Protein chains: 2
Amino acid sequence: MSRQQQGSGRRPPVYRQVESEVLRRIREGELEPGQRLPTESDLAVEWGVNRLTIRQAIGELARAGHVTVRQGSGTYVSDRPVVVDVDLPRMPSTDADAGSTASIAEFVQEGQTETLVDAVSDDRDHDAVEALGVDGPFVRIDTVVATGDQPLFVCSYWLEAVRFPGFADRVGSRVALYALLRDDHGLRLQHAWRSLTAIVANRDDAALLSVPAGSPVMLRDGVNVDETGRPTVYLRRRIRGDRIRFMLRYDTS
Amino acid sequence: MSRQQQGSGRRPPVYRQVESEVLRRIREGELEPGQRLPTESDLAVEWGVNRLTIRQAIGELARAGHVTVRQGSGTYVSDRPVVVDVDLPRMPSTDADAGSTASIAEFVQEGQTETLVDAVSDDRDHDAVEALGVDGPFVRIDTVVATGDQPLFVCSYWLEAVRFPGFADRVGSRVALYALLRDDHGLRLQHAWRSLTAIVANRDDAALLSVPAGSPVMLRDGVNVDETGRPTVYLRRRIRGDRIRFMLRYDTS
DNA sequence: ATGAATTTGTCCGTATGTATA
DNA sequence: CTATACATACGGACAAATTCA
């Protein structure tokens with residue numbers, strides 16, 4: 001009568017059974033968003049298994065975004081996330097034109113706030129070096145874009161330091177970066193590329209995005225090239241997979 | 001002289017120290033792609049910690065794609081993955097025109113193979129129901145696209161069963177699905193949408209993609225609408241984040 | 001503001017199962 | 001078949017964050 005009987009045709013491991021069962025309860029509405037799960041210890045007793053086994057199940061549910069774990073407090077069913085649709089084939093623009101929501105980043109919409117996290121005047125990043133074709137040093141600017149208290153994505157920008165001296169000091173928390181480049185440095189965009197992949201959040205990004213490390217995020221990076229054909233900005237964005245959905249609409253008419 | 005001394009200004013947990021150190025060795029080339037790491041037990045002895053602590057570190061490295069774990073064999077530094085660039089704003093097309101690589105899926109390029117995984121004639125899927133606006137049943141077709149032995153993405157297609165009777169039986173392993181719809185059912189595309197987000201791979205997809213469960217994948221789903229304005233196909237694709245990179249190129253000229 | 005109780009986070013030791021070489 | 005190496009699971013302990021009296 002043990003859970004652990006063998007030979008009976010490949011039973012999934014216990015932590016996966018727990019995971020499936022909790023997920024089922026969430027899906028069927030037995031557990032509602034915001035509701036707290038039983039404690040790990042209680043679940044361990046309820047299932048007759050070790051607490052570590054429960055933790056393994058909870059961990060996978062947390063990375064998939066189904067539950068949110070708060071140390072000292074408990075584990076809660078995640079709110080159905082508010083997904084923001086972003087139409088994709090759209091030229092990176094000078095967001096300063098977009099009215100009151102002056103912003104550093106592209107794709108910042110009404111009701112979203114962008115806050116400066118860091119601005120360093122001497123940074124070297126492997127990908128930035130490769131993308132811009134110079135070995136730095138670079139000015140690096142980091143921001144977070146959020147709706148209310150819900151982070152949506154983290155942005156990092158690299159600019160050649162010798163070309164934009166003192167830039168890190170001039171950037172304020174609510175200043176349009178592209179407008180600054182255009183007005184102060186006469187920069188005009190000739191062409192640009194952006195790439196999209198999926199990665200897991202590292203510790204730093206996870207903290208800024210309020211997600212557990214290991215959560216899936218979209219990595220969007222790219223380069224802007226000015227009218228002389230010279231790469232000027234390398235940018236990298238880590239986007240919460242559960243909050244942002246990129247949309248592509250095709251039409252033959 | 002303990003690793004565990006306290007009060008000395010917030011030391012990161014041991015498993016994170018191990019993770020960082022192994023990652024450093026990989027980045028600096030001390031550990032080369034394909035090379036086997038010491039066993040978990042050896043690493044535990046080397047660091048003077050429990051094997052569980054090592055496993056926690058290895059697990060995060062595996063999800064991030066830095067190492068590949070094979071039961072009974074060992075843990076290996078991952079090969080630098082071959083990234084396939086896919087240009088994104090491109091109308092979903094009838095790939096049958098693309099010469100010899102007749103395929104079910106879009107975006108299948110030269111040198112890539114598509115194999116049928118499953119074809120069921122009676123399936124109901126929540127997302128498919130919602131996207132197509134009918135409650136089924138649906139014909140569902142699953143395929144995997146790979147380069148050589150390296151899976152790139154998993155595709156699933158849903159078609160209204162009453163509208164395409166017996167479709168599941170007619171689809172062969174190397175038959176162009178869109179061409180079949182066009183030629184046998186006179187289907188013409190009016191418009192379509194696709195969405196992109198990042199999710200973690202579930203157990204099934206992870207197995208098909210040869211990645212550990214919990215790896216980041218891009219979810220691309222969408223609907224094709226025929227010339228009468230009726231949704232005909234719902235499709236969903238899980239794409240390995242470490243193998244596929246979607247590219248967007250912008251040009252002002 | 002303080003402190004105790006609660007809950008998750010980290011870590012130890014041990015044992016057994018399962019896939020691989 | 002045997003040895004190796006990872007996978008799952010048990011029990012116990014203490015740290016750190018939160019909550020609440």
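Every value quoted in this text rests on a predicted model; they were computed, and no experiment measured them. Every chain is numbered from 1, with letters handed out A, B, ... down the list of sequences.
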Checklist entry - Do the side-chain N and O atoms of A:Thr143 and A:Glu114 include a donor-acceptor pair separated by under 3.5 angstrom? => result yes
Calculate the interatomic distance between [X] atom [atom1] and [N] atom [atom2]; express it in whole Å.
| X | N | atom1 | atom2 | result |
| --- | --- | --- | --- | --- |
| B:Glu40 | D:dT8 | CD | P | 11 Å |
| B:Trp47 | C:dC11 | CH2 | P | 11 Å |
| B:Gln56 | C:dC11 | CD | P | 7 Å |
| A:Tyr76 | D:dT18 | OH | C1' | 9 Å |
| A:Arg51 | D:dA15 | CZ | C1' | 11 Å |
| B:Arg55 | C:dG13 | CZ | P | 17 Å |
| B:Asn50 | C:dG9 | CG | P | 19 Å |
| B:Glu19 | C:dT10 | CD | P | 11 Å |

If I compare all heavy atoms of [X] with all of [Y], which pair ends up nearest, and what's the gap?
| X | Y | answer |
| --- | --- | --- |
| B:Arg237 | B:Glu106 | NH1-O, 3.2 Å |
| B:Leu196 | A:Leu196 | CD1-CD1, 4.1 Å |
| B:Val108 | B:Gln112 | CA-OE1, 3.6 Å |

Checklist entry - Does A:Tyr76 have A:Arg70 sitting over its ring (NZ/CZ under 6.0 Å from centre, angle to axis within 45°)? => result yes
Are [X] and [N] close enough that a side-chain N or O sits under 4.0 Å from OP1 or OP2?
| X | N | result |
| --- | --- | --- |
| B:Ser73 | C:dA19 | no |
| A:Thr75 | C:dT8 | yes |
| B:Tyr15 | C:dT10 | yes |

Checklist entry - At under 4.0 Å between heavy atoms, what does A:Arg36 touch on the DNA or RNA strands: base, sugar-phosphate, or nothing? => result sugar-phosphate
Next on the checklist: Here's a test of your reading of the structure: between B:Pro38 and A:Arg70, which maps to the more 5' nucleotide of DNA chain D?
Outcome noted: B:Pro38
Next on the checklist: Can you tell me whether the side chain of B:Gln71 and the base of C:dT18 have a donor-acceptor pair closer than 3.5 Å?
Outcome noted: yes
Checklist outcome for this item: Of A:Val69 and A:Leu52, the one whose closest nucleotide on DNA chain C sits nearer the 5' end is A:Val69
